[in-house]
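Report on the structure given below.
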Protein chains: 2
Amino acid sequence: MVVYAGQGDPRRSIELLWRGAAETRRPGSKPALSVDAIVDAAIAVADEQGLAFSMRAVGERLGRTAMALYTYVPGKNELVDLMYDRALAGLPGSYSLDEGWRAAVTRWAHDTWECYVRHPWVLQVSQARPVLGPHEFATTEALAAILVSTGLPGRRLRGIAGALHYFVRGAAQTVAEARAASGATGEADEEWWYARSAVLVELEPDLEKKYPMLHVLEHDREPADPELPYLENDAMENFRVGLRVLLDGVEAAVTQP
Amino acid sequence: MVVYAGQGDPRRSIELLWRGAAETRRPGSKPALSVDAIVDAAIAVADEQGLAFSMRAVGERLGRTAMALYTYVPGKNELVDLMYDRALAGLPGSYSLDEGWRAAVTRWAHDTWECYVRHPWVLQVSQARPVLGPHEFATTEALAAILVSTGLPGRRLRGIAGALHYFVRGAAQTVAEARAASGATGEADEEWWYARSAVLVELEPDLEKKYPMLHVLEHDREPADPELPYLENDAMENFRVGLRVLLDGVEAAVTQP
DNA sequence: CAATGATTCTTTATGGCGTAAAGTGTGAGG
DNA sequence: CCTCACACTTTACGCCATAAAGAATCATTG
């Protein structure tokens, strides 16, 4: 089940995010771990298990108990804040505008999508009150720079930036959830659909008549990449088409008044 | 923290979703509860606490222990499946096309947004493998019917439907998280921002120089509705603007080749 | 060089969770 | 009236985050 993550103590979180761990080095035994090592280990665990990873699992991966982590990090919430910003660290801080804003936004969307698919738990960290780490600033700045170059007014740009973020997040989430589901249950998409639809057809035989438009929507399928699972193919195609439509909307705003 | 919800046993879930509880009525004491009552109670609890609601809390609201629920419902996952479909029950099953597809989509988007904001936990139920309840079918059918009326090919329509869903979900989630955060901590948006940005400015004094475009993006603000919290105002404005851009993109596809 | 005390890490314990298993009481069917 | 299916409670188990207290380590001070 789920609860929003992140949102630890502001001072501790922001200090760790921007300054890193303090190094006083006085008496006492030497630290064998570090905040960085803990964040790395936690990301590795979360990539496999999602935000429901346990502090025990992270400690184990480092050869320590769960409680050892609390020497470095105030709690799980603050650790998630740090993981979040680290996960965004691989994203570019700026994009070339040589080929125009549309190409740049497309590259931004693909990079961001890939990052989310690699670290799906990022999508479960609350967006309403951002973590405010340096890399979150950097990627937001990267998109802002592209959008500002269109010359559109700020109000329009904020709406567009929001729509782009929502779109990329949603598309990535669909793929990530499909993978998580088949990974967790060991059940391929086809088997899953088969099991459900068999029961469904048995209980509700005239589904097609009741929901005709749903079936019209299923026409005109692209030949699928047989390497990829069913749902993933679908998600990829929808990502391409949806992004194009969205950018057409931006283009309309740019070229027309 | 979080784990995807739903995804219970297919047969039990789908039977409960489509057929309702069986009524054999033979020996034993009469049931005082019902699946419906449990789902209602669970939704009420989840509206307040999110998907991390406990079975104990639902039982308590009904004057029972947590274990009493297991007589009616196989487990929490299946209960969430039922809650999900019930939450969508209030949404229209079709929209009038008298004023054109654009007006209809706009109404669909607002209705759906409102439902998500009222039941934010719905957004945390996995989309990759849908719950497949009757009301989920109905709302998807409603949007499909509108989109099919544009005459666009199926491949394009699926991408557009995905983009619309992602957009509405993302926009609603932002508002829901903002409300949840201020509700949980009792901290208004302004206080929260103040606490964070004070620490931030102290640690990183030249933020504005480092991320100039972010600040350009903040220009040209609409006069805010003083009734609403800061973040919510923002989210509403972005919803309006973003939806308009998205629909402009659809319009471009409809009017051009 | 020993004593001090801060620091790292482990152990133990608390209160939460979902739910398995076993027990209790009710009431219709034989 | 007896039986036994059923609704419901009690108890228990193994997870979780993390508070509190103890053990080990080591730079510093007397």
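Bear in mind that the values here come from a model prediction, so they are computed numbers and not experimental data. Here is how names work: the chains are called A, B, and so on, in the same order as the sequence lines, proteins then strands, and each is numbered from 1.
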### Query
Residues in ring-ring contact (aromatic ring centres under 6.0 Å, His included) with B:Tyr84, at least two apart?
none
### Query
Does B:Arg56 get its side chain close enough to the base of C:dG16, under 3.5 Å, for a donor-acceptor pair?
no
### Task
Assign A:Ser54 to base, sugar-phosphate, or nothing according to its heavy-atom contacts below 4.0 angstrom with the strands shown.
sugar-phosphate
#### Entry: Contact under 4.0 Å: A:Tyr70 side-chain N or O vs C:dT10 OP1/OP2
no
### Query
Do the ring centers of A:Tyr166 and B:Tyr166 come within less than 6.0 Å of each other?
no
### Message
Would you say the ring centers of B:Trp108 and B:His110 fall short of 6.0 Å from each other?
### Response
no
### Task
Take A:Pro74 and A:Ala57, find for each the nucleotide of DNA chain D with the closest heavy atom, and name the residue whose nucleotide sits nearer the 5' end.
A:Ala57
## Note on the structure
Considering only heavy side-chain atoms of B:Lys76, the closest of D:dT9, C:dT7, C:dG18 is C:dG18
### Task
Name the closest nucleotide to the B:Ala32 side chain, picking from D:dC8, C:dT8, C:dT19.
D:dC8
### Proximity to the side chain of B:Arg64 - top-ranked nucleotide from C:dT8, C:dA28, D:dT9
D:dT9
### Query
If you look at every strand shown and take non-hydrogen atoms under 4.0 Å, does B:Met67 touch a base, only sugar-phosphate, or nothing?
base
### Query
From D:dA17, D:dC8, C:dT8, pick the nucleotide closest to the side chain of A:Met55?
D:dA17
